[in-house]
2 protein chains.
Amino acid sequence: MALKNIPDIVVGRLPLYLRALQRMHDANQTVTSSQDLAARLGISAAQIRKDLSQFGEFGKQGTGYDIEYLMNQLSQILKVNRVWDIAVVGAGDIGSAVARYQGFTDRGYRITMIFDSNPNKIGTKVGSFVVQDAAHMVAAIQKAGVKVAMIAVPAANAQAVADELVKAGVQAILNYAPLSINVPEGVRVQHADPVTLLQRMTYYLD
Amino acid sequence: MALKNIPDIVVGRLPLYLRALQRMHDANQTVTSSQDLAARLGISAAQIRKDLSQFGEFGKQGTGYDIEYLMNQLSQILKVNRVWDIAVVGAGDIGSAVARYQGFTDRGYRITMIFDSNPNKIGTKVGSFVVQDAAHMVAAIQKAGVKVAMIAVPAANAQAVADELVKAGVQAILNYAPLSINVPEGVRVQHADPVTLLQRMTYYLD
DNA sequence: TAGATTGTTAATCGATTAACAATC
DNA sequence: TAGATTGTTAATCGATTAACAATC
């Protein structure tokens, strides 16, 4: 499916398109246009058309895009027409919240395990999961073949956890810890530290 | 302080520099260089120097940057040499987690209020806060002069909440709801939906 | 058909990188 | 001094936009 070399910045916009289409679908809308999407997303219509055209011809001149069809195509492209299992590391406030979060359903993901190294937390329940001992993490992830993980441990431990996840075969890491983690070529990382997003905004305030 | 028109993409990297400096400072490192930062961040040394040079001359040829000094400068530029109060809307899993999160301390932010519209939640405690009735939100935010807020409500209510926050005078919104919200010119929004970050990674997996 | 909107091209705009003189 | 690293310039690279023929 991934034909040409698509710029990562384009890949990063596809989830926004898919999300907007899902909202339109929720509202029983059946067709949309690049202009309609543009108005909702604050992205130019030309850019949306250009981005989509990298992957195929999904629209019809004069009428635009069929929402269900485009959702299906984008889901396929983003590989979320299946369900990816996720391992969560860290059963603190953030780890517990994502483990209980209902928002992954129908968007391609499902939490299946949560780990912590604190003996007081191991064995307790978080949502519907029993917190497992981080000492068994690598083996458990390997055995289950999990490829996606979230790091929600303190900054001081995050790089060590990332190293273990890589060793266990994880290929995509969402990192909530407040530092940049380094991983080998071929492993993907996205940073989700809320403070960097806040700082990016307060720059503009007085 | 904001002299020239700095590209937003540059502004967005400053928090990453500040965060890396804080980690180095934690490790008792006192000086760094653009190369040292580059290796940790996966950003080129030339770009780091160029970004910083937009705001002043912070380094010394031959030796690099004094970490404490550069931290102070970046804190000032990002306006986090003060503490911004934050209102959280939504006392579900995500809202409760951020309200309890300890990671804002010393990075320029402090949660001061949390709202929900569910009568079963109003009056209960989340961390050290009592959940307030969302019906009084606009008045409470106005009275306190809060300028920064986080949205952690279901998608269906997020735009209405954003409209209220804007009415209350909020100028920066961190949005955890899974949709793009629209705000007037002059109000900043950052999106923190974890699923869009995950989808951006699974595209590359097989 | 007439109106609307796509997919795509070429032009513009902006961001990144390489290189190096200045200098600590 | 010699070595290292900055700040900055010019060149390169890449992304966005405007425009329009094609066509539903």
Side-chain angles (χ1 to χ4, degrees), chain A residues 1-17 20-21 24 29-74 77 180 200 203, chain B residues 1-17 20-21 24 29-74 77 180 200 203:
Chain A
M1 180 45 49
L3 326 128
K4 291 159 286 189
N5 238 39
I6 309 292
D8 182 63
I9 197 162
V10 173
V11 175
R13 281 191 295 260
L14 299 184
L16 308 183
Y17 302 156
L21 292 165
M24 292 169 171
Q29 197 178 330
T30 59
V31 292
T32 185
S33 65
S34 57
Q35 261 193 51
D36 183 15
L37 279 163
R40 286 167 178 264
L41 292 170
I43 293 174
S44 81
Q47 180 157 86
I48 292 171
R49 291 200 302 277
K50 185 126 205 282
D51 286 351
L52 294 176
S53 75
Q54 306 250 32
F55 299 94
E57 309 197 350
F58 304 127
K60 252 201 195 99
Q61 285 101 324
T63 51
Y65 302 91
D66 179 88
I67 288 176
E68 280 199 11
Y69 177 70
L70 188 52
M71 284 174 66
N72 284 332
Q73 293 297 311
L74 287 176
I77 292 165
S180 291
R200 188 176 189 155
Y203 168 82
Chain B
M1 179 49 47
L3 327 127
K4 292 159 285 188
N5 239 39
I6 310 291
D8 182 62
I9 196 161
V10 173
V11 174
R13 280 191 295 260
L14 299 184
L16 309 183
Y17 301 156
L21 291 165
M24 291 170 171
Q29 196 177 332
T30 59
V31 292
T32 185
S33 65
S34 57
Q35 260 194 50
D36 183 17
L37 280 163
R40 286 168 178 263
L41 292 170
I43 293 174
S44 82
Q47 180 157 86
I48 292 170
R49 291 200 301 279
K50 186 125 204 284
D51 286 352
L52 295 176
S53 76
Q54 305 251 32
F55 299 93
E57 308 197 350
F58 304 128
K60 252 201 195 97
Q61 285 101 326
T63 51
Y65 303 91
D66 180 88
I67 289 176
E68 281 200 8
Y69 177 71
L70 188 53
M71 284 175 66
N72 285 331
Q73 294 296 311
L74 287 176
I77 292 165
S180 291
R200 189 179 188 152
Y203 167 83

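Since this is a predicted model, take the numbers as computed values, not measurements. What you see below is based on every heavy atom in this structure, not just the backbone, and it leaves out hydrogens, waters and symmetry mates. Chain naming here is simple, since letters A, B, ... match the order of the sequence lines and numbering starts at 1 in each.
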What is the distance, rounded to the nearest whole Å, between atom [atom1] of [X] and atom [atom2] of [N]?
{"X": "A/Gln35", "N": "C/dT5", "atom1": "CD", "atom2": "P", "result": "6 Å"}
{"X": "B/Asp51", "N": "C/dT16", "atom1": "CG", "atom2": "C1'", "result": "10 Å"}
{"X": "A/Lys50", "N": "C/dT9", "atom1": "NZ", "atom2": "C1'", "result": "9 Å"}
{"X": "A/Leu52", "N": "D/dT16", "atom1": "CG", "atom2": "C1'", "result": "15 Å"}
{"X": "A/Gln54", "N": "D/dT16", "atom1": "CD", "atom2": "C1'", "result": "12 Å"}
{"X": "A/Phe55", "N": "C/dT6", "atom1": "CZ", "atom2": "P", "result": "17 Å"}
{"X": "B/Asp36", "N": "D/dA4", "atom1": "CG", "atom2": "C1'", "result": "14 Å"}
{"X": "B/Ile43", "N": "C/dT17", "atom1": "CD1", "atom2": "P", "result": "10 Å"}

Next item on the list: For B/Leu41 and B/Tyr17, run side chain to side chain contact (heavy atoms under 4.5 Å, CB included): C-alpha distance rounded to whole Å, both residues' side-chain angles, the deciding distance at 0.1 Å, then the answer.
Entry: CA-CA 8 Å; B/Leu41 292 170; B/Tyr17 301 156; 3.5 Å; yes
With a 4.0 Å limit, can you tell me whether [X] has a side-chain N or O closer than that to the phosphate oxygens OP1/OP2 of [N]?
{"X": "B/Ser34", "N": "D/dT6", "result": "yes"}
{"X": "A/Arg13", "N": "D/dA15", "result": "no"}
{"X": "B/Gln47", "N": "C/dT16", "result": "yes"}
{"X": "B/Ser44", "N": "C/dT17", "result": "yes"}
{"X": "A/Arg49", "N": "C/dG7", "result": "no"}

Item checked: Step-by-step side chain to side chain contact (heavy atoms under 4.5 Å, CB included) determination, A/Leu74 to A/Leu52 -> CA-CA 9 Å; A/Leu74 287 176; A/Leu52 294 176; 4.1 Å; yes
Choose from [options] the nucleotide whose nearest atom is closest to any side-chain atom of [X].
{"X": "B/Tyr65", "options": "C/dT8, D/dA15, D/dG7", "result": "D/dG7"}
{"X": "B/Gln61", "options": "C/dT6, D/dT9, D/dT5", "result": "D/dT5"}
{"X": "B/Ser33", "options": "D/dA15, D/dG7, D/dT5", "result": "D/dT5"}

Checklist line | Any-strand Watson-Crick or G-U partner of D/dT9, both distances under 3.5 Å | finding: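 Checking every strand shown, D/dT9 finds its partner in C/dA18, with both distances under 3.5 Å.
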Next item on the list: Please determine, for C/dT23, whether a Watson-Crick or G-U wobble partner exists with both distances under 3.5 Å, and give it or none.
Entry: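 Pairing partner, where one exists within any strand: D/dA4.
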Next item on the list: List the steps and the verdict of salt bridge (Lys or Arg N to Asp or Glu O under 4.0 Å) for B/Asp66 and B/Lys60.
Entry: CA-CA 9 Å; B/Asp66 180 88; B/Lys60 252 201 195 97; over 6 Å; no
Next item on the list: Using a cut-off of 6.0 Å, state whether more than 12 heavy atoms not belonging to B/Gln35 lie near its atom CD.
Entry: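 Open.
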Notebook entry, point to check: Is it the case that more than 12 heavy atoms not belonging to A/Gln29 sit under 6.0 Å from its CD atom?
Noted result: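 Counting neighbours around CD of A/Gln29, more than 12 heavy atoms of other residues, nucleotides or ligands fall under 6.0 Å, so yes.
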